[in-house]
Amino acid sequence: MQGGSKYDEKLLQNYVPLYVMLPLGVVTADNVFEGGEKLEKQLKDLRAAGIDGVMVDVWWGIIEAKGPKQYEWSAYRSLFELVNKCDLKIQAIMSFHQCGGNVGDVVYIPIPQWVRDIGETDPDIFYTNRSGNRNEEYLSLGVDHQPLFGGRTAIEMYSDYMKSFRENMADFLEAGQIIDIEVGCGAAGELRYPSYPETQGWVFPGIGEFQCYDKYLKAEFKEAAKNAGHPEWELPDDAGTYNDKPDSTEFFKQNGTYLTEKGKFFLTWYSNKLLMHGDDILDEANKAFVGCKVKLAAKVSGLHWWYKHHSHAAELTAGYYNLKDRDGYRPAARILSRHHAIMNFTCLEMRDSEQSAEAKSGPQELVQQVLSGAWREKIEVAGENALSRYDAEAYNQILLNARPNGVNKWGPPKLRMFGVTYLRLYDELFEEKNFNLFKTFVRKMHADQDYCPDPSKYGHEIGPLERSNPPIPVDDIIDATTPMKPFPWNKQTDMPVDGAGQFGLLGGLINGIKSIFFK
């Protein structure tokens, strides 16, 4: 018992902490925290609703805007002080990408101008599609180890930024207020290529395009092909354009290029480059935060469209080499395990039945595959919804994924996510009807227990971050591509927000009566 809260110690083992993502522009593009009474009231209302903390983007384009190694953290310190005043924990995202150009982006925060200036004379620092269109959202992984930025490589810039964060936020880290460092590894902060940019005309459910046609990645591919005994192989020229469907391309059609020796070689190279990129950044993150009582995390994107097509085209263009006979996600989980990091996955709220048939979407099967693979690699999994939702169906789907086999009345459940982050803090959330349902959602995430300020009580004690394990041999990473049967999922959550289920028999009875009289 703590602060008047009462817990069933056994049910508490089913508790899944819930965080809320703060607005994208909570610190302005000009590095000002306007804060104000409105945000403070909203944070206090969220705290009263029982949430465990907040997640916030810490934008590279804001902090290091004035020049190389000229970091300005004061606005974020003011924000963190307010969050601390409201008794909420912080998940901080190292956001090395641009805000603007992705679904839900309502503000524009580019990467630092002095970095973009280098791109004026060397546009190949940016991801490039086959047509030569550059994407300034995030630096190409082809420059990870190229000293083009005042003598620094991209990886060194990310490393210096994270070290500065640790130095300047040391008091928040030592106090245990910052509990999670999510390391941005690509567009939208996700470990992926920017294969479906709305800024270049992509619309759902286009297959997207490969993004490896900058001179640095082109040269790396040619070298890899030559070393494999095929100097004649080139990057794909038959994979279509952003809004194509798989069957209209030579690459993704039935028995297409993706199944040939050349296609498999390319897809292996393309996906492995992404994995190594994540590995390198996470290694630097681990060095920066080793010894701190925090968890590291990286986000993997929920590319659910064309999941039920034989080619998995949208996943392939984003760098996830995932097919019926090849797991494209477990290798990422194995990389994360080396750095003691959590996998954060999206689209937790989506159901297959809500998607258009033409897109051959499979969000439920995708979530099941990715979460199962991560758990088999013995790492923790967190997640978030992809789109803003305020309805019972979305909340219930998130609850199902948070505890796929339900609550265990007698102790820890068989499967449980490490945490869920709800997108996002908008004014709509606080409308009476929406907020009442949200409060119920928080309660159900907590297995009908009061807010618990001590994570060790539900098995989440956060010790000092240990140094990363040695690099994983390529053969061991490839071994993780072997498909494994996903864990079984219940059909629906046993703790729904609208009453029905194992723990809401009265609500279920009421809903049953309603269904008789209100058909």
Checking the side chain of [X] only, and the main-chain atoms of [Y] only, is there a donor and an acceptor separated by less than 3.5 Å?
{"X": "D280", "Y": "D144", "result": "no"}
{"X": "H309", "Y": "S311", "result": "yes"}
{"X": "S337", "Y": "R334", "result": "yes"}
{"X": "R192", "Y": "T317", "result": "no"}
{"X": "Y422", "Y": "R389", "result": "yes"}
{"X": "R166", "Y": "V290", "result": "yes"}
{"X": "H312", "Y": "Y307", "result": "yes"}
{"X": "S74", "Y": "E72", "result": "no"}
{"X": "Q364", "Y": "R351", "result": "no"}

Run the salt bridge (Lys or Arg N to Asp or Glu O under 4.0 Å) test on E384 and K299 for me, step by step, so that the C-alpha distance in whole Å, both residues' side-chain angles and the decisive distance to 0.1 Å come before the verdict.
CA-CA 10 Å; E384 55 193 49; K299 191 193 291 189; 2.7 Å; yes

Is R47 close enough and on-axis enough to Y451, meaning under 6.0 Å and within 45°, for cation-pi?
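The answer is yes, since R47 meets both limits relative to Y451.
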
R376 NZ/CZ over F487 ring centroid, <6.0 Å and within 45° of normal:
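Yes, cation above the ring, under 6.0 Å and within 45°.
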
Out of Y270, F210, Y320, Y321, which residue meets the ring-ring contact (aromatic ring centres under 6.0 Å, His included) rule with Y193?
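Testing Y193 for a ring-ring contact (aromatic ring centres under 6.0 Å, His included) against Y270, F210, Y320, Y321 leaves exactly one candidate, Y270.
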
Sort out for me which residue in F204, W305, Y242 forms a ring-ring contact (aromatic ring centres under 6.0 Å, His included) with Y196.
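Among F204, W305, Y242, the one that satisfies the ring-ring contact (aromatic ring centres under 6.0 Å, His included) with Y196 is W305.
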
List the steps and the verdict of side chain to side chain contact (heavy atoms under 4.5 Å, CB included) for E190 and H97.
CA-CA 9 Å; E190 297 169 334; H97 60 288; over 6 Å; no

Restricting to non-hydrogen atoms, name the atom on [X] and the atom on [Y] that form the minimum distance, rounded to 0.1 Å.
{"X": "P110", "Y": "Y108", "value": "CB-OH, 3.5 Å"}
{"X": "A298", "Y": "L336", "value": "CB-CD2, 3.7 Å"}
{"X": "P363", "Y": "C347", "value": "CB-SG, 4.4 Å"}

Hey, what do you get for [atom1] ([X]) to [atom2] ([Y]), rounding to the nearest 0.5 Å?
{"X": "M169", "Y": "W73", "atom1": "CE", "atom2": "CH2", "value": "6.0 Å"}
{"X": "C185", "Y": "I281", "atom1": "SG", "atom2": "CD1", "value": "4.5 Å"}
{"X": "K444", "Y": "L18", "atom1": "NZ", "atom2": "CG", "value": "14.5 Å"}
{"X": "F96", "Y": "I155", "atom1": "CZ", "atom2": "CD1", "value": "9.0 Å"}
{"X": "D244", "Y": "I207", "atom1": "CG", "atom2": "CD1", "value": "5.0 Å"}
{"X": "L415", "Y": "S372", "atom1": "CG", "atom2": "OG", "value": "7.0 Å"}

Between the side chains of [Y] and [X], is the shortest nitrogen-to-carboxylate-oxygen separation below 4.0 Å, so that they form an ion pair?
{"X": "D87", "Y": "K44", "answer": "no"}
{"X": "K295", "Y": "E380", "answer": "no"}
{"X": "K89", "Y": "D180", "answer": "no"}
{"X": "E358", "Y": "K245", "answer": "yes"}

Begin from the C-alpha positions of Q13 and N408 and carry the test side chain to side chain donor-acceptor pair (under 3.5 Å) through to its verdict.
CA-CA 8 Å; Q13 299 303 306; N408 177 6; over 6 Å; no

Run the numbers on Q368 and N401 for side chain to side chain donor-acceptor pair (under 3.5 Å), then give the verdict.
CA-CA 8 Å; Q368 195 173 354; N401 289 322; over 6 Å; no

Without placing hydrogens or testing angles, list every side-chain donor-acceptor pair under 3.5 Å for residues 428-440, not counting sequence neighbours.
{"unit_1": "N434", "atom_1": "ND2", "unit_2": "E428", "atom_2": "O", "d": "2.9"}
{"unit_1": "N436", "atom_1": "ND2", "unit_2": "E432", "atom_2": "O", "d": "3.3"}
{"unit_1": "T440", "atom_1": "OG1", "unit_2": "N436", "atom_2": "O", "d": "3.3"}

Compile the donor-acceptor pairs under 3.5 Å between side chains in residues 53-63 and protein atoms, sequence neighbours left out, one pair per line.
{"unit_1": "D57", "atom_1": "OD1", "unit_2": "S95", "atom_2": "OG", "d": "2.7"}
{"unit_1": "W59", "atom_1": "NE1", "unit_2": "L24", "atom_2": "O", "d": "3.3"}
{"unit_1": "W60", "atom_1": "NE1", "unit_2": "E64", "atom_2": "OE1", "d": "2.8"}

Stepwise side chain to side chain donor-acceptor pair (under 3.5 Å) test for E209 and T241
CA-CA 6 Å; E209 293 187 34; T241 56; 4.9 Å; no

Will you find, in the side chains of [X] and [Y], an N or O donor that is under 3.5 Å from an N or O acceptor?
{"X": "S353", "Y": "Q355", "value": "no"}
{"X": "Y329", "Y": "E315", "value": "yes"}
{"X": "T421", "Y": "Q91", "value": "yes"}
{"X": "E182", "Y": "N344", "value": "yes"}
{"X": "R338", "Y": "S468", "value": "no"}
{"X": "E461", "Y": "S456", "value": "no"}
{"X": "D52", "Y": "H446", "value": "yes"}
{"X": "H339", "Y": "N286", "value": "no"}

S140/T128 under side chain to side chain contact (heavy atoms under 4.5 Å, CB included): CA gap, chis, key distance, verdict
CA-CA 8 Å; S140 165; T128 307; over 6 Å; no

Working for side chain to side chain contact (heavy atoms under 4.5 Å, CB included), residues V407 and M495:
CA-CA 8 Å; V407 163; M495 279 208 150; 3.9 Å; yes

Do Q98 and N135 pass the side chain to side chain donor-acceptor pair (under 3.5 Å) test, and can you show the C-alpha distance, the side-chain angles, and the key distance before you say yes or no?
CA-CA 10 Å; Q98 166 187 297; N135 188 322; 6.0 Å; no

Determine whether R403 and D494 satisfy the following criterion, salt bridge (Lys or Arg N to Asp or Glu O under 4.0 Å), listing intermediate values before the conclusion.
CA-CA 9 Å; R403 290 181 294 259; D494 57 354; 5.2 Å; no

Which donor-acceptor pairs under 3.5 Å do side chains of residues 393-400 form with protein atoms, sequence neighbours excluded?
{"unit_1": "N396", "atom_1": "OD1", "unit_2": "V497", "atom_2": "N", "d": "2.8"}
{"unit_1": "N396", "atom_1": "ND2", "unit_2": "A392", "atom_2": "O", "d": "3.3"}
{"unit_1": "N396", "atom_1": "ND2", "unit_2": "D498", "atom_2": "OD1", "d": "3.1"}

Do D327 and Q369 come close enough that some side-chain heavy atom pair is under 4.5 Å?
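Contact flag for D327/Q369 side chains = yes.
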
Could you tell me whether the side chain of W306 reaches within less than 4.5 Å of the side chain of P246, counting heavy atoms only?
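When only atoms from C-beta onward are counted, W306 and P246 do touch, with a gap below 4.5 Å.
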
Before giving the answer on side chain to side chain contact (heavy atoms under 4.5 Å, CB included), spell out for V183 and M162 the whole-Å C-alpha distance, their side-chain angles and the decisive distance to 0.1 Å.
CA-CA 9 Å; V183 185; M162 291 187 283; 4.2 Å; yes

May I ask you to decide if the ring planes of F165 and F80 are parallel, tilted or perpendicular, using 30° and 60° as cut-offs?
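Ring orientation of F165 relative to F80: perpendicular.
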
